[in-house]
Amino acid sequence: MQLHNTATGRKELFVPQDPQRITMYVCGPTVYSYAHIGNARPAVVFDVLARLLRRQYPRVDYARNITDIDDKINAAAARESVEIGVITSRYVAAYHEDLAALGVAPADFEPRVTEHIPQIIAMIERLIASGHAYAAENHVLFSVPSYPDYGQLSRRDPRELLAGARVEVAPYKKDPGDFVLWKPSPPELPGWDSPPSWGCGRGRPGWHIECSAMAEALLGDTIDIHGGGHDLIFPHHENERAQSTCAHGGAVFARYWLHNGFLTMDSEKMSKSIGNVLLVREILKVAPGEAVRLALLTGHYRQPLDWNDEAIADARRKLDRLYGALRDTADVAPATTFKAPQAFIAALEDDINTPAALAELFELARSLNKAETVEDKARLRAQLLDGGELLGLLQQDPAAWFSHSTAASSVSNDEIDTLVAQRAEAKKVRNFAEADRIRDALKAQGILIEDSAQGTRWRSTN
RNA sequence: GGCUCGGUGGCAGAGUGGUGAUGCAGGGGACUGCAAAUCCCCGUACGUCGGUUCAAUUCCGGCCCGAGCCUCCA
């Protein structure tokens with residue numbers, strides 16, 4: 001398998017540190033509100049990677065964290081006058097619902113910051129002891145000059161960062177590039193006592209140290225794959241790398257860094273100031289989760305992806321085609337000894353090339369539509385279903401896909417069946433005008449009628 | 001200003017130093033009462049200017065345009 005490594009800027013052969021246990025860490029959400037469609041992209045992309053790895057290695061330990069202590073969480077809790085746990089548990093639940101709707105399998109570990117405070121404190125202690133961190137004015141800061149490799153991941157020169165810095169440098173920083181590992185919490189906000197030797201009192205961890213500590217706790221000093229959004233390369237991942245490497249005596253932190261490209265809304269950056277933030281749960285009201293997932297896999301994960309109405313409509317039509325082939329051969333049981341073809345696997349192994357993999361799926365669908373023997377159908381069905389499983393698609397009953405209705409439908413399935421039966425009667429007596437009238441009436445409700453050799457069937461376009 | 005990543009046919013989107021993926025849309029045909037679905041066939045493409053090469057959309061360089069990052073951000 002080849003993976004594009006941000007650290008080197010090129011595709012590299014993936015060689016696990018221990019083939020018996022693959023370790024992967026992906027930065028998850030800060031749970032202060034509902035997930036937007038941009039948040040969903042890394043979850044889906046790395047879900048596909050996890051599925052592929054699980055096929056190829058006996059054990060995959062995949063951790064995707066939850067950041068459940070943060071300024072924005074505090075602010076949300078203050079607005080509602082509740083404990084932060086009320087806020088975080090609400091949005092963790094919502095996150096799980098959204099991911100489930102998108103067919104994202106649970107990660108093996110979902111560590112939360114508030115459950116790893118001792119590990120975080122211990123890591124900070126080690127950084128202080130080794131001269132890579134220092135306490136100042138109730139903060140503990142990482143000393144960037146103590147780590148000469150700083151900036152290598154994001155290809156930034158620490159000295160030039162200062163020129164572009166758009167935030168005022170706090171006076172207690174020894175070096176302007178130093179970043180916070182621990183910061184004070186006032187009494188009214190959540191916090192934990194820090195070791196007396198720091199002289200910092202009550203506080204809470206900085207953002208970057210959380211991921212370093214949780215990755216270490218669950219996956220070890222050196223992990224195989226670290227993933228996240230492109231925007232996290234700097235400063236988040238650069239800082240994680242600095243902390244972990246220094247806390248581990250120079251051991252490599254992540255051997256392969258993977259970053260997904262950004263998602264734009266109608267070619268514009270998604271941001272609250274523009275007001276074009278689209279929540280996953282809003283999209284799910286008007287489109288099936290599976291179509292959302294396919295839309296996210298339509299482009300290569302490292303490319304920018306533009307989200308618009310046409311993108312989701314396109315994904316639905318693609319699924320119509322794939323499920324159509326499965327529906328039309330539903331009488332044949334898949335020959336499950338057959339797995340996804342090599343060309344499909346090769347596409348995914350080529351830096352998770354989902355567009356190329358999808359193209360193979362469409363080739364299979366065409367072959368399946370043309371297949372004449374039961375043997376061919378059984379094999380092609382199995383191959384198509386297996387490829388779909390790796391992408392997290394095509395796992396529902398085709399009939400369910402075609403009868404789906406995300407919006408409140410004005411006609412019930414029973415009513416549709418009744419009308420279809422009436423139309424069949426009309427056709428039988430060659431009353432085509434009546435038959436067409438019924439068909440047009442259903443079409444107006446978003447129900448498309450299709451006559452086939454096996455009888456009439458219908459599907460919803462809502 | 002620095003650093004990344006892009007500009008492919010009507011749209012989306014892979015890929016490749018030389019026989020032009022894939023899906024949607026479009027044209028023609030088969031099938032159908034008519035449709036739909038399905039199958040067969042068919043256009044239209046690689047931002048721009050140079051360079052390397054027998055040959056470049058593919059490699060190199062300049063330019064133009066776009067997206068992201070530069071200490072909240074997937």
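Protein chains get the first letters and strands the later ones, always in sequence-line order, with residue 1 at the start of each.
Atom name C1', nucleotides G43(B) and U48(B): the rounded distance is 26 Å, in whole Å. Nucleotides A56(B) and G13(B) place their P atoms 28 Å apart, quoted to the nearest Å. Look at the C1' atom in both A74(B) and C69(B): the space between them is 13 Å, to the nearest Å. Using P as the reference atom, U44(B) and A21(B) are 12 Å apart when rounded to the nearest Å. Using atom C1' as the reference point in both G26(B) and G9(B), the two lie 12 Å apart (nearest Å). Comparing the same atom, C1', in U19(B) and in G6(B) gives a spacing of 29 Å after rounding to whole Å. Rounded to a whole angstrom, the distance from the P atom of G47(B) to that of C41(B) is 29 Å. A distance of about 16 Å separates the P atoms of U53(B) and C60(B), rounded to the whole Å.
When rounded to the nearest whole Å, the span between CZ of Arg302(A) and C1' of A67(B) equals 15 Å. For the pair Asn239(A) CG and C69(B) C1', the computed distance is 14 Å after rounding to whole Å. Atom-to-atom, CG of Asp306(A) to P of A74(B) comes out at 19 Å; the value is rounded to the nearest Å. Rounded to an integer number of Å, the gap from Phe344(A) CZ to U22(B) P is 17 Å. Atom-to-atom, CG of Asp314(A) to C1' of G13(B) comes out at 9 Å; the value is rounded to the nearest Å. The CH2-C1' distance, from Trp257(A) to U4(B), rounds to 16 Å in whole Å. Ile69(A) has its CD1 atom 17 Å from the P atom of C72(B), to the nearest Å. At whole-Å resolution of the value, CD1 in Ile233(A) and P in C69(B) are 11 Å apart.
Partner of Phe179(A) under the ring-ring contact (aromatic ring centres under 6.0 Å, His included) criterion, out of His139(A), His236(A), His132(A), His208(A): His208(A) alone.
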- request: Quick one: do Gln2(A) and Glu349(A) satisfy side chain to side chain donor-acceptor pair (under 3.5 Å)? Show the steps, please.
  value: CA-CA 6 Å; Gln2(A) 300 268 334; Glu349(A) 286 181 338; over 6 Å; no
Derivation of the side chain to side chain donor-acceptor pair (under 3.5 Å) call for Trp458(A) and Asp417(A): CA-CA 9 Å; Trp458(A) 59 270; Asp417(A) 289 340; 3.3 Å; yes
For Tyr134(A) and Asp178(A): C-alpha separation, side-chain torsions, deciding distance, then whether side chain to side chain donor-acceptor pair (under 3.5 Å) applies. CA-CA 10 Å; Tyr134(A) 58 94; Asp178(A) 294 349; 2.6 Å; yes
Would Thr67(A) and Asn65(A) count as a side chain to side chain donor-acceptor pair (under 3.5 Å) here? Give the steps.
CA-CA 6 Å; Thr67(A) 296; Asn65(A) 73 287; 3.2 Å; yes
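Among the protein residues, Arg155(A) comes within range of the sugar-phosphate backbone only, with heavy atoms under 4.0 Å from sugar or phosphate atoms but none that close to a base. Among the atoms of the strands shown, none is found under 4.0 Å from any heavy atom of Thr354(A). Counting any heavy atom pair closer than 4.0 Å across all strands shown, Glu238(A) reaches no nucleic acid atom. Counting non-hydrogen atoms under 4.0 angstrom, Leu263(A) reaches a base of the nucleic acid.
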Note, RNA chain B 5' to 3' with Watson-Crick or G-U pairs under 3.5 Å encoded as ( ), [ ], | and . gives (((((((..(((.....[...))).(((((.......)))))....(((((..]....))))))))))))....
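In this structure, the side chains of Lys173(A) and Val144(A) stay at 4.5 Å or more apart for every pair of heavy atoms. By the 4.5 Å heavy-atom criterion applied to side chains, Ile352(A) and Leu258(A) are counted as neighbours.
In this entry the base of G43(B) is syn relative to its sugar, with a glycosidic angle within 90° of 0.
Of the listed nucleotides (A21(B), A74(B), G13(B)), G13(B) has the atom at the smallest distance from the side chain of Leu305(A). In this structure, the nucleotide among C72(B), A74(B), U22(B) sitting nearest to the side chain of Phe362(A) is U22(B).
Between Asp178(A) and Glu360(A), the residue anchored closer to the 5' end of RNA chain B is Glu360(A), taking for each the nucleotide with the nearest heavy atom.
Taking the six-membered ring where tryptophan is involved, the planes of Tyr150(A) and Tyr147(A) are perpendicular, since the angle between them exceeds 60° and thus also 30°. Taking the six-membered ring where tryptophan is involved, the planes of His237(A) and His226(A) are perpendicular, since the angle between them exceeds 60° and thus also 30°.
Between Asp351(A) and Arg10(A) no salt bridge is recorded (no basic side-chain N to carboxylate O distance below 4.0 Å). With respect to Asp440(A) and Lys443(A), no salt bridge is recorded, no charged nitrogen being found less than 4.0 Å from a carboxylate O.
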Could you write out each protein N or O paired with an N or O of nucleotides 14-18 of chain B at a distance under 3.5 Å?
unit_1: A14(B); atom_1: OP1; unit_2: His300(A); atom_2: N; d: 2.6
unit_1: A14(B); atom_1: O3'; unit_2: Asn353(A); atom_2: ND2; d: 3.0
unit_1: A14(B); atom_1: O2'; unit_2: Asn353(A); atom_2: ND2; d: 3.4
unit_1: G15(B); atom_1: OP1; unit_2: Asn353(A); atom_2: ND2; d: 3.1

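Checked against a 6.0 Å centroid threshold, the rings of Tyr32(A) and Tyr91(A) do not count as neighbours. No close placement of the Phe109(A) and Tyr62(A) rings is indicated, their centers lying 6.0 Å or farther apart.
Here Phe262(A) lies parallel enough and close enough to stack on the base of A74(B), with planes under 30° and ring centres under 5.5 Å apart.
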In 5'-to-3' order, the base (B), backbone-only (S) or no-contact (-) status of each nucleotide in nucleotides 30-38 of chain B, using a 4.0 angstrom heavy-atom cut-off, is ---BBBBSS
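In this structure, a donor-acceptor pair under 3.5 Å is present between the side chains of Thr8(A) and Glu12(A).
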